[in-house]
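In what follows, chains carry the letters A, B, and so on, assigned in the order in which the sequence lines appear, proteins first and then strands, with residues in each chain numbered from 1.
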Amino acid sequence: MDLEEIFIKYRPVISFRVRKSIGAGNPDWEDIVNEVITNAIEKIQKGEFRGESSIGTFIYTITSRRIVDYIRQKGKVLRHAPQPADYPDPQERIEEKERVELMARALKRLKPKYRKVLYLYYYKEFSREEVAQKLGISPRRVSERVNYSQKLLKKYLKK
Amino acid sequence: MKNCKFEELIDEYLLNRLSEEKKEEFEEHYFNCPSCFEKTTQRNELLRVIKTKGDMIFEDEFRPHEARGASLAERILSFLTPKQWAMTAVSAAVILVIVFGVILRPNHPTFQIVSSETETRSGKSIELLSPMLDINAVPTEFRWAKSDKELEYKFYIFSNGNQLWTTTTKENFVVLPEEVRNLLKPMVKYSWEVKGFIPEGAIVAFSSKVYFRVIKTE
């Protein structure tokens, strides 16, 4: 089993899961990710991963346990963790800030019918059915417009 | 190509609308499904941009108070005559020049660092000391020159451009944990870099990326 390959592949997944649970603005997330990876490497080297589940599930379980421990320690609440915030994370600050600006400008270029859906669905957080009702379209059409907006954005960002 | 059945849960997950049970099921799934994970991160990025920049993105069409804003702008403009506005603008420019040009001038001049072929950054330079190029044993310690200012350093090690490990320290060195050292293979090129930042989180110093390779094992 190539440990390096495994952890290069899973680091972004573990990071995403940790940041989603404790809030992206929480500076502890990176330490938790490193601890999860170290712990998983130790367990694999000790032969504790016996292939009864997939490696993804094995790492997911270790990640979840570490998050629960962290939240218990800090007395924080797992559910309804804050959305990723605009926190001055040194690793991401420059690259991400530029990308966010670029995406915001690309979103402004979308046609109003797509922007309206994004505004109601993500910004105002109405349900898909509520957005459909407000705009007089079907819920399926709401999803289609969201998906199409994302495709257009990718196209704009590639230019 | 048939879509994965979990894809329909992506938005509900990101908007915190799933029950605890469903949420865990979805999370376990994206640890096993690279396609769903990629779509989730892309959608999360979109959501994050909309949440943080929504005021700017949707300002034109969807602001109900836009009409009121226009009349307010007119009232502000008519508050002074054009000549008075011109005098105010000149005075403001002079004050800005004094504040930014004299009072807030930094003690140490900063300069531009070309850190890669495609990226240029502003800040001070951090000199990396060791390891670099070909070395005889898997390195334990990574060392760089200490800055004259009190900084926190963020250390990164990469394998083939992918981040392998990172940590933060106030010292001018890091000791690689045993588990990470064990990942380093002989005759493979690895690179590392360091960024320096002030406690408020802003990056003020960078190193270039330096390569090393273990040519013999212990």
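For the residue pair A:Arg115 and B:Ile57, the shortest heavy atom distance occurs at NH1-O, 3.1 Å. Annotation for B:Leu14 and A:Phe16: closest pair CD2-CZ, 4.0 Å, computed over non-hydrogen atoms. Nearest heavy atoms, A:Glu125 versus B:Arg17: O-NH2, 2.9 Å. Nearest heavy-atom pair, A:Met103 versus B:Leu46, reported as atom, atom and distance to 0.1 Å: CE-CA, 4.0 Å. Residues A:Lys20 and B:Tyr13 approach most closely at CG-OH, 3.4 Å, considering heavy atoms. Listed here is the closest heavy atom pair of A:Lys108 and B:Met56: NZ-O, 3.4 Å.
Counted within 6.0 Å of CZ on B:Arg143, heavy atoms from surrounding residues, nucleotides or ligands total more than 12; the atom is thus considered enclosed. For CZ of B:Phe158, the number of neighbouring non-hydrogen atoms (other residues, nucleotides, ligands) closer than 6.0 Å is greater than 12. For A:Glu5, the CD atom is loosely surrounded, since the number of other residues' heavy atoms within 6.0 Å does not exceed 12. Heavy-atom contacts from other residues, nucleotides or ligands closer than 6.0 Å to CD of A:Gln133 number 12 or fewer. Other residues, nucleotides and ligands contribute at most 12 non-hydrogen atoms within 6.0 Å of the CD atom of B:Glu127.
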Q: Kindly indicate, with the supporting measurements, whether the criterion side chain to side chain contact (heavy atoms under 4.5 Å, CB included) is fulfilled by B:Glu179 and A:Leu3.
A: CA-CA 10 Å; B:Glu179 293 76 22; A:Leu3 287 177; over 6 Å; no
(Q) Run the side-chain hydrogen bond (donor to acceptor under 3.5 Å, both in side chains) test on A:Glu4 and B:Ser159 for me, step by step, so that the C-alpha distance in whole Å, both residues' side-chain angles and the decisive distance to 0.1 Å come before the verdict. (A) CA-CA 9 Å; A:Glu4 181 187 320; B:Ser159 167; 2.4 Å; yes
Q: For A:Phe7 and B:Asn162, run side chain to side chain contact (heavy atoms under 4.5 Å, CB included): C-alpha distance rounded to whole Å, both residues' side-chain angles, the deciding distance at 0.1 Å, then the answer.
A: CA-CA 10 Å; A:Phe7 289 103; B:Asn162 296 306; over 6 Å; no
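Rounded to the nearest 0.5 Å, atoms NZ (B:Lys23) and OG (A:Ser21) are 5.0 Å apart. Here OG1 of A:Thr61 is found 10.0 Å from CD of B:Glu24. Values are rounded to the nearest 0.5 Å. With rounding to the nearest 0.5 Å, the separation of CD1 in A:Ile62 from CZ in B:Phe31 is 10.0 Å. In this structure, the separation between CD1 on A:Ile41 and CG on B:Leu183 is 4.5 Å, given to the nearest 0.5 Å. B:Leu164 contributes atom CG, which lies 7.5 Å from atom CZ of A:Arg11 (distance to the nearest 0.5 angstrom). Separating the NZ atom in B:Lys39 from the CG atom in A:Asn147 is a distance of 9.0 Å, to the nearest 0.5 Å.
For A:Thr63, the part sitting under 4.5 Å from any heavy atom of chain B is the side chain, from C-beta outward, and nothing else. For A:Ile14, the parts sitting under 4.5 Å from any heavy atom of chain B are the backbone and the side chain alike. The parts of B:Gln42 that come within reach of chain A are both its backbone and its side chain, each placing non-hydrogen atoms under 4.5 angstrom from that chain. Looking at B:Tyr30, both its backbone and its side chain come within 4.5 Å of chain A, counting heavy atoms on both sides. Contacts between B:Asn182 and chain A at a heavy-atom distance below 4.5 Å involve the side chain alone, from C-beta outward.
Each of A:Lys9, A:Arg99, A:Arg105, A:Glu101 has some count of heavy-atom pairs under 4.5 Å with chain B, and the biggest count is that of A:Arg99.
Remark: the backbone N or O of B:His29 is not paired with any side-chain donor or acceptor of A:Tyr60 at under 3.5 angstrom. Using a distance-only test at 3.5 Å, with no hydrogens or angles considered, a donor-acceptor pair links the side chain of A:Asn34 to the main chain of B:Thr166. A donor-acceptor distance shorter than 3.5 angstrom exists from the side chain of B:Lys51 to the backbone of A:Tyr122, with no hydrogens or angles considered.
When side chains are defined from C-beta on, A:Thr38 does not count as touching B:Pro177, because their heavy atoms never get closer than 4.5 Å. B:Asp55 has its side chain within reach of A:Tyr123: a pair of non-hydrogen atoms, C-beta onward, lies under 4.5 Å apart.
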